[in-house]
Q: 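Pasting in a structure now, in structure tokens, and then I'll have a few things to ask.
Just follow the structure's listing: the first ligand is 1, and inside any ligand the first atom is 1. Nothing fancy with the numbering, it's 1 onward along the sequence.
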Amino acid sequence: MSNALRPRIGVNKDTQFFWDGLKQGQLLIQHCKACDQLQHPPGPCCKHCQSFELDAIESTGRGTIHSFVRMHHPVAPPFESGHPIVLVELEEGTRLIADFINSTPEQVFIGAAVKVAITECDDEVTLALFEPASM
Ligand code: ZN
């Protein structure tokens, strides 16, 4: 296992709430107060109605694998060759990309039930990783 750190997260005024939520153990989704739509990744305004009246809701953290890839090349520590990266469709309808952990190759397939595993990777980085829902 490598001692290399994960890449640093990109934090700005539009995404600060998302990263702060993870530090507090919550997976948050940006919500438009004007049209009641959700969106991810967060942005400065609603992608549906362009309103700036945004807040956030807490996701259940449950969803399904919409798609996935296995990262083989290039090998870039701390990631291991062949690790799965999933596009998760949350129960709330938004999607996000994350590493898939604590899984066997047989558990990585489109439609598989997954749940969030909020993970403190180091002092600076807390991420929403996903794992099989049966974990
Ligand atoms: Zn809106």
Q: Quick one: salt bridge (Lys or Arg N to Asp or Glu O under 4.0 Å) partners of Glu58, sequence neighbours excluded?
A: none
Q: Between Glu124 and Ile9 (side chain of the first, backbone of the second, donor and acceptor by atom type, cut-off under 3.5 Å), is there such a pair?
A: no
Q: When you check the space around the Zn ion (ligand 1), which protein N, O or S atoms turn up under 2.8 Å?
A: Cys32 SG, Cys35 SG, Cys46 SG, Cys49 SG
Q: Is there a donor-acceptor pair under 3.5 Å between the side chain of Ser59 and the backbone N or O of Leu28?
A: no
Q: Keeping to residues at least two apart or across chains, list the ring pair (Phe, Tyr, Trp, His ring centres under 6.0 Å) pairs with something in residues 11-54.
A: Phe18-His40
Q: Please report the interatomic distance OG1(Thr60) to CG(Leu90), rounded to the nearest 0.5 Å.
A: 7.0 Å
Q: Can you list every salt bridge (charged side-chain N to carboxylate O under 4.0 Å, His left out) pair that touches residues 62-77, not counting sequence neighbours?
A: Arg62-Glu91
